[in-house]
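Take a look at the structure below.
Whatever order the structure lists them in is the order used to number ligands and atoms, beginning at 1. Note that this is a predicted model, so its numbers are computed, not measured. Atoms considered below: every heavy atom in the structure, side chains included; atoms not considered: hydrogens, waters and symmetry mates.
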Amino acid sequence: MPGTCVIGLQWGDEAKGKIVDLLAGRHDIVVRYQGGANAGHTVVTQGETYKLSLIPSGIFRREVQCVVAGGVVLNPATLIEEINGLSARGVPVAENLIISDRAHVIFPWHFEEDRLLNELCTSGEAIGTTMRGIGPCYRDKVGRSFAIRLGDMYRDNFQNRIEQIVRAKSQILAGLGGSAMPLDADEIFETYREYAQRLKPHVADTTAYLLDAVDADRSILFEGAQGALLDVDHGTFPFVTSSNSSGVGVASGSGVAGRFVTKVIGILKAYATRVGGGPFPTEQDNDVGQHIRDRGNEYGTVTKRPRRCGWFDAVAARYTARLSGVDVLAIMLLDVPSLLPELQICTAYEIDGQRTTDFPSHVDDLRRAVPVYEIMPGWREEITHIRRIEDLPTGAKDYLDRISELVGRPIEVVSVGPDREQTMFAPS
Ligand code: IMP
């Protein structure tokens with residue numbers, strides 16, 4: 001079975017949606033398997049821009065089966081809004097979308113917890129979550145006692161479960177202090193019962209579906225959300241998201257064993273960005289950062305927050321490429337650093353006077369890392385119209401070659417704009 005996986009290798013927002021959309025036509029099935037509505041995948045097709053948070057980016061191809069697998073945390077309101085929004089714009093969402101009955105559901109108390117915990121953390125550096133209830137929902141999944149999965153919403157005891165959990169959560173929220181919104185069990189039950197009815201036609205055992213698909217040798221594309229540096233186990237903890245957003249998350253999130261993934265595509269921006277808190281060694285809080293932010297429109301898809309911008313960090317990218325088992329790279333937004341007189345690539349860190357190319361496991365060490373830069377000449381022309389890699393200016397080609405060399409993987413795709421046509425493939 002040809003299983004392909006698309007993984008962001010930085011701190012998210014690497015333009016994965018565009019690559020998934022391009023590859024979707026070559027696969028039978030596209031799967032979202034972790035994260036939730038903290039993701040914002042932008043797809044531009046036939047001049048129309050779509051922003052997807054939960055629905056796989058394969059939804060624009062009629063022949064593709066889209067799957068939201070059990071590792072995703074679901075906000076039903078967002079999902080329904082997304083389904084309705086797509087349908088209203090003529091993108092059919094019917095049996096081509098199935099959603100796992102194992103996916104954990106986000107409830108109003110999760111939003112409250114996200115907000116109140118953020119307020120409690122203001123003394124230190126806040127994680128700066130997207131406030132979508134993602135962390136609290138994953139916490140309940142691991143804690144088990146207060147968790148509700150999509151499949152639970154169709155059981156006779158659903159109302160009882162809500163009542164029990166509302167009692168416990170009201171106490172917990174009161175304990176967090178602040179101004180917790182009161183939780184009304186009846187109202188929550190009614191609202192979520194309606195959501196459950198609306199989503200019912202899509203709900204399925206997606207693990208069984210995918211295992212059958214593997215047996216039938218159908219091709220599957222796994223669409224990672226966020227980026228590997230935000231992985232809860234291997235990223236810049238605690239400034240991470242709550243799921244395994246690197247390549248290691250495919251198996252647990254989807255139920256399909258890693259050995260069936262035959263190709264991993266690592267997605268990198270030609271520079272680096274980060275949203276929220278946490279160390280970012282190559283950050284450029286200056287004119288260069290602003291140049292990147294303006295030209296790359298680096299504002300959060302979900303939260304609209306301005307993204308922190310900086311130079312390409314090859315130490316981090318090499319680490320996440322290895323962590324995710326990456327075979328080839330896609331370099332996105334290469335048009336953004338155009339016009340800069342020179343570019344810098346971080347090739348090593350100096351931590352307490354010691355030079356290293358290893359990515360530190362502790363965030364405090366990363367915070368002290370001073371980047372060692374290699375300076376490369378820029379290219380002083382726009383490249384958005386170029387359609388073949390060999391036609392790029394010498395500066396851009398040299399820059400790509402150096403990234404590939406430092407990360408240790410070949411570049412297969414280069415993107416110079418949001419449209420499908422603004423994509424170049426390395427000759428195979
Ligand atoms: P959470 O996932 O909302 O809990 O946020 C945890 C951290 O991950 C914060 O720094 C967020 O800004 C970041 N984050 C979550 N989702 C994304 C994403 O899709 N792109 C970029 N950063 C993200």
Side-chain angles (χ1 to χ4, degrees), residues 6-20 32-43 51-57 71-75 78 82 104 106 110-122 124-142 223-246 249 253 267-269 271-280 283 292-293 296-310 313 316 320 332-333 363 366-367:
V6 171
I7 296 287
L9 297 183
Q10 294 158 315
W11 280 289
D13 311 314
E14 297 91 352
K16 296 176 288 294
K18 173 177 173 174
I19 296 297
V20 172
R32 265 291 303 274
Y33 57 89
Q34 46 74 229
N38 48 353
H41 292 177
T42 306
V43 178
K51 307 235 182 250
L52 301 172
S53 282
L54 285 162
I55 295 181
S57 304
V72 169
V73 285
L74 280 183
N75 177 349
T78 310
E82 228 167 84
H104 283 251
I106 298 180
H110 293 128
F111 291 104
E112 284 302 281
E113 281 176 50
D114 221 352
R115 189 174 65 77
L116 292 173
L117 283 167
N118 186 59
E119 281 173 16
L120 271 182
C121 288
T122 45
E125 186 179 2
I127 295 173
T129 78
T130 56
M131 294 289 163
R132 297 298 188 270
I134 305 295
C137 185
Y138 275 119
R139 189 183 310 124
D140 279 338
K141 167 178 171 169
V142 180
E223 175 177 11
Q226 290 85 44
L229 292 170
L230 290 171
D231 187 291
V232 65
D233 288 305
H234 305 284
T236 53
F237 190 88
F239 301 98
V240 292
T241 191
S242 301
S243 63
N244 284 119
S245 50
S246 72
I267 315 291
L268 287 164
K269 276 179 187 176
Y271 48 92
T273 63
R274 173 160 211 175
V275 208
F280 178 4
E283 182 167 15
I292 293 172
R293 192 172 302 110
N297 190 24
E298 292 293 355
Y299 295 88
T301 312
V302 175
T303 59
K304 314 284 178 245
R305 288 179 287 181
R307 295 180 184 140
R308 301 156 66 191
C309 299
D313 184 340
T320 49
M332 313 304 287
L333 294 128
V363 82
L366 185 64
R367 211 184 285 286

Next on the checklist: Go through it in stages, so that I can follow the logic: the residues are K16 and H41, the test is side-chain contact (heavy atoms from CB on, under 4.5 Å), and I'd like the CA-CA distance, side-chain angles, deciding distance and then a yes or no.
Outcome noted: CA-CA 7 Å; K16 296 176 288 294; H41 292 177; 3.9 Å; yes
Next on the checklist: Counting only heavy atoms closer than 4.0 Å, does ligand 1 sit against the backbone of W11, its side chain, both, or neither?
Outcome noted: backbone
Next on the checklist: Heavy-atom contact check, 4.0 Å cutoff: does R307 meet ligand 1?
Outcome noted: no
Item to check | Heavy-atom closest contact (L54 atom, N75 atom, distance) | outcome: CD1-O, 3.8 Å
Checklist outcome for this item: min-distance protein heavy atom vs atom 13 (C) of ligand 1 -> L230 CD1, 3.9 Å
Item to check | Shortest protein contact, atom 3 (O) of ligand 1 (heavy atom only) | outcome: T130 OG1, 2.5 Å
Checklist entry - atom 7 (C) of ligand 1: which protein heavy atom is closest, and how many Å away? => result V240 O, 3.6 Å
Item to check | Protein residue, atom and distance nearest to atom 5 (O) of ligand 1, heavy-atom basis | outcome: T129 CA, 3.3 Å
Next on the checklist: When you compare ligand 1 with I127, is there at least one nitrogen or oxygen pair between them that comes in under 3.5 angstrom?
Outcome noted: yes
Checklist entry - Any side-chain donor paired with an acceptor under 3.5 Å for S245 and Q226? => result no
Next on the checklist: Looking at every non-hydrogen atom in both residues, tell me the closest pair between N118 and G128 and how far apart they are.
Outcome noted: OD1-N, 4.4 Å
Checklist entry - Between E14 and ligand 1, which residue portion shows a heavy-atom distance shorter than 4.0 Å: side chain, backbone, both, or neither? => result neither
Next on the checklist: Testing the basics here: between L333 and K269, what is the closest heavy-atom pair and its distance to 0.1 Å?
Outcome noted: CD1-CG, 3.6 Å
Checklist entry - Should T273 and V275 count as side-chain neighbours, where that means a heavy-atom distance under 4.5 Å? => result no
Item to check | T129 and D114: CA distance, side-chain angles, deciding distance, side-chain hydrogen bond (donor to acceptor under 3.5 Å, both in side chains) verdict | outcome: CA-CA 8 Å; T129 78; D114 221 352; 3.2 Å; yes
Next on the checklist: What protein heavy atom lies closest to atom 2 (O) of ligand 1? Include the residue and the distance to one decimal.
Outcome noted: T241 OG1, 2.6 Å
Next on the checklist: Can you tell me which portion of D114 lies within the under-4.0 Å heavy-atom range of ligand 1? Options are side chain, backbone, both, or neither.
Outcome noted: neither
Checklist entry - Any nitrogen or oxygen of D13, main chain or side chain, under 3.5 Å from a nitrogen or oxygen of ligand 1? => result yes
Item to check | Side-chain donor-acceptor contact under 3.5 Å, D140 with H104 | outcome: no
Checklist entry - Can you tell me if Q10 uses its side chain to pair, donor with acceptor, with the backbone of T320 under 3.5 Å? => result no
Checklist outcome for this item: The closest protein heavy-atom partner of atom 11 (C) of ligand 1 is G128 O, 3.7 Å
Next on the checklist: Does ligand 1 come near enough to R132 that some N or O of the ligand is less than 3.5 Å from an N or O of the residue?
Outcome noted: no
Item to check | Nearest-neighbour protein heavy atom for atom 17 (C) of ligand 1, which is reported as residue plus atom name and distance | outcome: Q226 CG, 3.4 Å
Next on the checklist: Considering both backbone and side-chain atoms of N38, is one of its nitrogen or oxygen atoms within less than 3.5 Å of a nitrogen or oxygen in ligand 1?
Outcome noted: yes
